[in-house]
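Some notes on the structure that comes next.
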Amino acid sequence: MQLPERWIAHLDMDAFYASVELLRYPQLKGQAVVIGGRRADAPQQLEDGSWRYAKLRDYTGRGVVTTSTYAARDLGVFSAMGLMKAALRAPDAILLPADFDSYRTYSRRFKAAVAEVAPVIEDRGIDEIYIDLTDVPGVRDAVGHDPLGGVKAVAREIKNSVSRATGLTCSIGITPNKLLSKIASELDKPDGISVLTMDDIPTRIWPLAVRKINGIGPKAGDKLVQLGLHTVGDIAAAPPAWLIEQFGDSYGAWLHNAAHGRDNRPVVTYSEPVSISRETTFERDLSARHDKALLGQIMDELCARLADDLARKRYAGKTVGIKLRFEGFVTVTRDQTLKIPVTSAADIRHAVGLCLKRVTFDKRLRLMGVRVGNLVHASEVLDAAPAAPRADPRRAPDNLSLF
DNA sequence: TCTGGGGTCCTAGGACCC
DNA sequence: TCTGGGGTCCTAGGACCC
């Protein structure tokens, strides 16, 4: 066996949100539970101390499944599925609203627990991370005699540490790179460890569906299947020149490399945010004419929350953007880059007004969002700089006239 | 039964400058 | 007096991910 230059782990918490909820409601263990919906759906404790839960069948609205327990998945309920659709498949499943504060707490805990064993960690969101194990003593020292054994022992150590800190299980894939590890962590889920070398690609990776590769989404997946390529092995066997013809220089070449398990991206332990945003989907579609006041109010609220986020994270941004989604799911964005970075709700709201002027409102709205990009640290913004044009609080700014 | 909210990255065209 | 070639910034849309 050719020894890899790196050992990269991908750690994925098992049904993370649902598992955190089961710590709070252990009596639900084994049941079909779906996370999603509104705060109003939170369980209520009755006088006799027992709990009353919302059932999926009683849900009405536009929410989606955030996560589900494995019992719910057995009934065909998966992440991103509309709750109304999920209710058809599992009407008796229990519905719990998402509690992101709690999930963030457990997220910090599990990452700290991993860092005690292996400190080179790349954050990939609330419930997964990449870990570079190459220089972890238990891995490095085993290279000479039993590399795979050393890697597995460290993986067990990480899982034990996570379990002690959180009471939760996770699945770990360990391979020579991030691409393969991401796939490997799913091979033995939940609570599993999978170690793969490049030699395992033909037997363990090539039989998998093309969508198992991180970076092949619904569009590329459909196109590949349309072209007769169903498995990763099918892509690997395709002539690279043909892939490039079909998918373009960049993506075509990437597909070829990915199918052969090649990926040299480093584990990145720190990154600055690029943008911060807030958006909301309405309970019912709103008319720019009819619901003007309400839309103006919602936009004010979004700007206020975004300004809060910026202040809390100590960022300012030079580009303000809006996102509008109309009935029919047609999405439109408009950006406005300013001379001076903004932080205040009023300055954001003013720039939003400039963006809104460039949109035609001929359909009802389903969603509105605000984003601030081109971020700079708040400390780098000169207070002495001339103030950006501000909305006069005594008068409705003219941009409000659009709503 | 239509499809949340928070992100990143890529592409492609036009403006503008040298 | 019909028109090159970069580089960079801005904008809009879209794919993809958790």
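Below, chains carry the letters A, B, ... as their sequence lines are ordered, and counting in each starts from 1.
Straight-line distance from the OH atom of A/Tyr130 to the P atom of B/dT8: 16 Å, rounded to whole Å. The CD atom of A/Glu272 sits 12 Å away from the P atom of B/dC9 (whole-angstrom rounding). B/dT3 atom P lies 15 Å from atom NZ of A/Lys323, rounded to whole Å. Regarding A/Phe282, its CZ atom lies at a distance of 12 Å from the P atom of B/dG4, rounded to whole Å. When rounded to the nearest whole Å, the span between NZ of A/Lys178 and C1' of C/dC17 equals 13 Å. The nearest whole Å value for the distance from the CG atom in A/Leu95 to the P atom in B/dG4 is 15 Å. Atoms CZ (A/Arg211) and P (C/dA15) sit 12 Å apart, rounded to a whole Å. What separates CD of A/Glu283 from P of B/dT3 is a distance of 11 Å, to the nearest Å.
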Notebook entry, point to check: Dot-bracket for DNA chain C, 5' to 3', with Watson-Crick and G-U pairs under 3.5 Å, [ ] for crossing pairs and | for other-strand pairs: what is it?
Noted result: ....||||||||||||||
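The phosphate of B/dG5 (OP1 or OP2) has no side-chain N or O of A/Thr66 nearer than 4.0 angstrom. Considering only side-chain N and O atoms, A/Thr333 lies under 4.0 angstrom from the phosphate OP1 or OP2 of C/dG13. One finds no side-chain N or O of A/Arg38 lying less than 4.0 angstrom from the OP1 or OP2 phosphate oxygen of B/dG4. Close to C/dC18, at under 4.0 Å from its OP1 or OP2, lies a side-chain N or O of A/Asn214. In terms of phosphate contacts, A/Ser277 brings a side-chain nitrogen or oxygen within less than 4.0 Å of OP1 or OP2 of B/dG7. Residue A/Arg278 places no side-chain N or O under 4.0 Å from the OP1 or OP2 atom of B/dG5. Contact between the side-chain N/O atoms of A/Arg334 and the OP1/OP2 oxygens of C/dA12 is found at a separation under 4.0 Å. Of the side-chain N and O atoms in A/Arg358, none sit less than 4.0 angstrom from OP1 or OP2 of C/dT11.
Take the nearest nucleotide of DNA chain B for A/Ser250 and for A/Thr281: the residue whose nucleotide is more 5' is A/Thr281. With DNA chain B read from its 5' end, the first of the two nearest nucleotides for A/Lys313 and A/Tyr251 is the one closest to A/Lys313.
For A/Gln44, the CD atom sits in a loose shell: 12 or fewer heavy atoms of surrounding residues, nucleotides or ligands are nearer than 6.0 Å.
In this structure, A/Leu338 reaches neither bases nor backbone, as no heavy-atom distance under 4.0 Å exists between it and the strands shown. Among the heavy atoms of the strands lying under 4.0 Å from A/Gly215 are primed sugar atoms or P, OP1, OP2 only; no base atom is included. Residue-level contact check: A/Leu83 touches neither bases nor backbone, having no heavy atom under 4.0 Å from any strand. Across all strands, A/Ala87 comes closer than 4.0 Å to no nucleic acid atom at all (heavy-atom distances). If you check every strand for non-hydrogen atoms under 4.0 Å, A/Val64 touches a base. Within 4.0 Å of A/Arg371, counting heavy atoms only, lies no atom of the nucleic acid at all. Residue contacts shown for A/Thr280 are limited to sugar-phosphate atoms, with no base heavy atom under 4.0 Å away. Within 4.0 Å of A/Arg366, counting heavy atoms only, lies at least one base atom of the nucleic acid.
In this entry the base of C/dT3 is syn relative to its sugar, with a glycosidic angle within 90° of 0.
Of the options A/Leu179, A/Ile8, A/Thr175, a side chain to side chain contact (heavy atoms under 4.5 Å, CB included) to A/Asp263 is made by A/Leu179 and by none of the others. When A/Val267, A/Ile158, A/Ile172 are each tested for a side chain to side chain contact (heavy atoms under 4.5 Å, CB included) with A/Ile131, only one passes: A/Ile158. For the side chain to side chain donor-acceptor pair (under 3.5 Å) criterion with A/Arg371, the lone passing option out of A/Thr319, A/Asp335, A/Thr333 is A/Asp335.
By the 6.0 Å and 45° rule, A/Arg284 does not stack over the aromatic ring of A/Phe282. A cation-pi arrangement, defined by a distance under 6.0 Å to the six-membered ring centre and an angle within 45 degrees of its axis, is absent between A/Arg108 and A/Phe110.
Side-chain contact of A/Ser171 with A/Asp14: a donor-acceptor pair under 3.5 Å is present, judged by distance alone. Side-chain contact check for A/His10 and A/Glu186: no donor-acceptor pair (N or O, by modelled atom type) lies under 3.5 Å.
Taking the C1' atom of each, B/dT3 and C/dC16 are spaced 16 Å apart, rounded to whole Å.
Checking C/dC18, C/dC16, B/dT3 against the side-chain heavy atoms of A/Arg62 singles out B/dT3 as nearest. Of all nucleotides listed (B/dG5, B/dC9, C/dA12), B/dC9 comes nearest to the side chain of A/Val274. Considering only side-chain atoms of A/Asp335, the nucleotide from C/dT11, C/dC16, C/dG13 that sits closest is C/dT11. Out of B/dT1, C/dC10, C/dG13, the shortest distance to the side chain of A/Thr337 is found at C/dC10. In the set B/dT8, C/dC18, C/dC16, the nucleotide with an atom closest to the side chain of A/Pro273 is B/dT8. When each of B/dG5, B/dT1, C/dC18 is scored by its nearest atom to the side-chain atoms of A/Met84, the top-ranked nucleotide is B/dT1.
The aromatic rings of A/Phe100 and A/Tyr103 sit perpendicular, their planes meeting at an angle over 60°, well past the 30° parallel limit.
The ring of A/Phe329 lies on top of the base of B/dT3, close enough and flat enough: under 5.5 Å between centres, under 30° between planes.
A/Ser181 places a side-chain N or O within donor-acceptor distance of the main-chain N or O of A/Asn177, the cut-off being under 3.5 Å.
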